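Below: the structure, in structure tokens.
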Amino acid sequence: MSNENKITFSGLIKFLTSKVFYKNLLLIILFYILFAIIILLWLKFYTHHGQKLELPDYNNVPYTEAAKDAKKRKFELIVDDSIYVVGMKGGIIRDQNPKKGSKVKENRKIYVVVSKYNPDKIKIEDLPSLYGRNYETKKKELSLLDINSRILGYEYDKGDPNYILKVYYKGKPIIVDGKPVSGIEIEKGSTLDFILSKQSGGITDLPNLRCMSASQALFMIESRHLLLGSLYLNDNLITDPTGYVVDQSPTASDAIPMDTEVDLFLQAELPEDCN
């Protein structure tokens with residue numbers, strides 16, 4: 001081996017063991033590591049870029065809980081509207097757009113409808129007419145407005161039974177003299193109390209029936225919403241009204257409960273003291 005080859009090999013060994021070589025080698029290794037990291041990040045971005053994800057079902061889920069879940073999935077929830085749902089707490093998602101199972105991209109805005117915390121109110125003027133109307137009909141109409149109905153009691157009225165005479169809201173009358181009290185607002189989900197008409201239980205008068213024919217007396221009794229009790233002809237109990245009235249029980253009165261039974265005492269001929 002010549003001196004020139006010895007010098008070259010010796011120089012190579014010296015270079016490979018020098019600080020300059022190790023420094024350059026470290027820089028090369030760091031460069032390739034950094035290059036590899038960049039390539040991996042680019043591939044990951046390229047792979048997921050434009051990828052569509054399946055949208056979960058957020059219906060009946062509290063908005064705060066759904067918003068956290070959406071953020072993790074890189075969605076954004078936006079409240080588009082709110083509605084009052086009777087019996088449901090506020091802040092609950094009732095609808096979403098796009099629907100569950102839809103394929104959407106990251107950062108997509110999801111529009112939701114949530115339940116209100118406070119109930120909607122309806123002005124009494126916007127309710128259907130109530131006074132003097134059939135209860136069952138109005139009960140159905142009010143239910144469509146999310147208002148409940150309850151029968152509080154009955155009062156006598158000459159008209160048909162089960163018609164609305166009085167209406168109360170939270171213990172206070174909201175219809176006076178057949179007209180709604182202005183300025184009242186009814187909360188959805190609340191209850192209206194009703195007083196309805198009935199044809200019994202009222203007070204009427206009972207005239208003096210003496211000297212009337214049996215048929216006339218029967219007409220007077222029925223026209224006053226009273227009931228025919230027992231019939232006596234010459235102290236004998238009979239079933240068919242005939243003859244003339246000589247006495248009655250109870251006696252004539254200006255105030256007698258309706259549906260009271262009236263007994264008639266008859267005789268075949270008109271009493272002598274009757275004109």
Side-chain angles (χ1 to χ4, degrees), residues 29-130 135-152 167-172 174 180 183-194:
I29 293 173
L30 290 175
F31 171 78
Y32 280 107
I33 291 175
L34 181 61
F35 180 76
I37 291 174
I38 293 174
I39 293 297
L40 290 174
L41 291 175
W42 179 83
L43 288 174
K44 183 178 180 180
F45 173 79
Y46 180 81
T47 301
H48 291 281
H49 180 67
Q51 180 181 9
K52 291 186 176 181
L53 306 175
E54 184 173 325
L55 188 63
D57 184 9
Y58 290 127
N59 281 305
N60 300 316
V61 177
Y63 174 79
T64 52
E65 180 181 326
K68 292 179 181 179
D69 180 79
K71 186 176 182 180
K72 292 179 181 179
R73 300 171 184 264
K74 298 185 178 180
F75 301 138
E76 181 182 1
L77 287 191
I78 297 178
V79 177
D80 186 49
D81 196 6
S82 60
I83 58 174
Y84 179 70
V85 182
V86 177
M88 177 174 286
K89 296 188 296 184
I92 305 298
I93 295 177
R94 298 295 299 152
D95 194 15
Q96 66 183 66
N97 184 30
K99 302 296 183 181
K100 66 174 182 177
S102 300
K103 300 293 185 178
V104 298
K105 294 181 180 180
E106 292 181 353
N107 301 318
R108 172 66 187 268
K109 290 180 172 62
I110 312 302
Y111 296 92
V112 296
V113 177
V114 300
S115 58
K116 287 183 177 180
Y117 286 90
N118 298 316
D120 293 330
K121 296 182 178 181
I122 303 175
K123 293 182 179 179
I124 191 171
E125 293 84 359
D126 295 332
L127 294 179
S129 298
L130 299 175
Y135 171 74
E136 291 299 331
T137 300
K138 295 305 169 179
K139 179 181 179 180
K140 294 177 182 178
E141 293 180 12
L142 291 172
S143 67
L144 297 176
L145 299 174
D146 290 327
I147 296 177
N148 302 311
S149 302
R150 180 172 56 196
I151 299 175
L152 193 63
V167 186
Y168 295 87
Y169 176 57
K170 294 184 177 180
K172 297 181 179 180
I174 63 173
I184 294 179
E185 293 182 329
I186 312 297
E187 292 182 355
K188 286 190 174 183
S190 59
T191 300
L192 297 183
D193 292 314
F194 292 86

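Quick note: numbers below take in every heavy atom, side chains included, and nothing from hydrogens, waters or symmetry partners. We count residues from 1, following the sequence as given. Predicted, not measured: the structure shown is a model, and the values here were computed from it.
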Given side chains that start at C-beta, do those of [X] and [Y] come closer than 4.5 Å, heavy atoms only?
X: I184; Y: I186; answer: yes
X: S149; Y: K138; answer: no
X: Q96; Y: L55; answer: yes
X: E187; Y: Y169; answer: yes
X: I110; Y: P98; answer: yes
X: L192; Y: I174; answer: yes
X: E54; Y: K103; answer: yes
X: T137; Y: E141; answer: yes

Inset, instruction - Using atom types as modelled and distance alone, determine if a side-chain donor or acceptor of S115 lies under 3.5 Å from a backbone N or O of K89. - result: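 Side chain of S115 to backbone of K89: a pair is present.
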
Tell me the closest heavy-atom pair linking [X] and [Y], and the distance in Å.
X: P119; Y: K188; answer: CB-O, 3.9 Å
X: D95; Y: K99; answer: OD1-NZ, 2.6 Å
X: A70; Y: L77; answer: CB-CG, 3.8 Å
X: R73; Y: P56; answer: NE-CG, 3.8 Å
X: G183; Y: E125; answer: N-OE2, 3.6 Å
X: N148; Y: G189; answer: ND2-O, 3.3 Å

Measuring from [X]:[atom1] to [Y]:[atom2], what's the distance to the nearest 0.5 Å?
X: E185; Y: D120; atom1: CD; atom2: CG; answer: 10.5 Å
X: I78; Y: N97; atom1: CD1; atom2: CG; answer: 11.5 Å
X: I92; Y: T64; atom1: CD1; atom2: OG1; answer: 8.0 Å
X: M88; Y: Y117; atom1: CE; atom2: OH; answer: 12.5 Å

Inset, instruction - Applying side chain to side chain donor-acceptor pair (under 3.5 Å) between R94 and each of D81, N59, N60, report the one that passes. - result: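 Exactly one option meets the side chain to side chain donor-acceptor pair (under 3.5 Å) with R94, and it is N60.
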
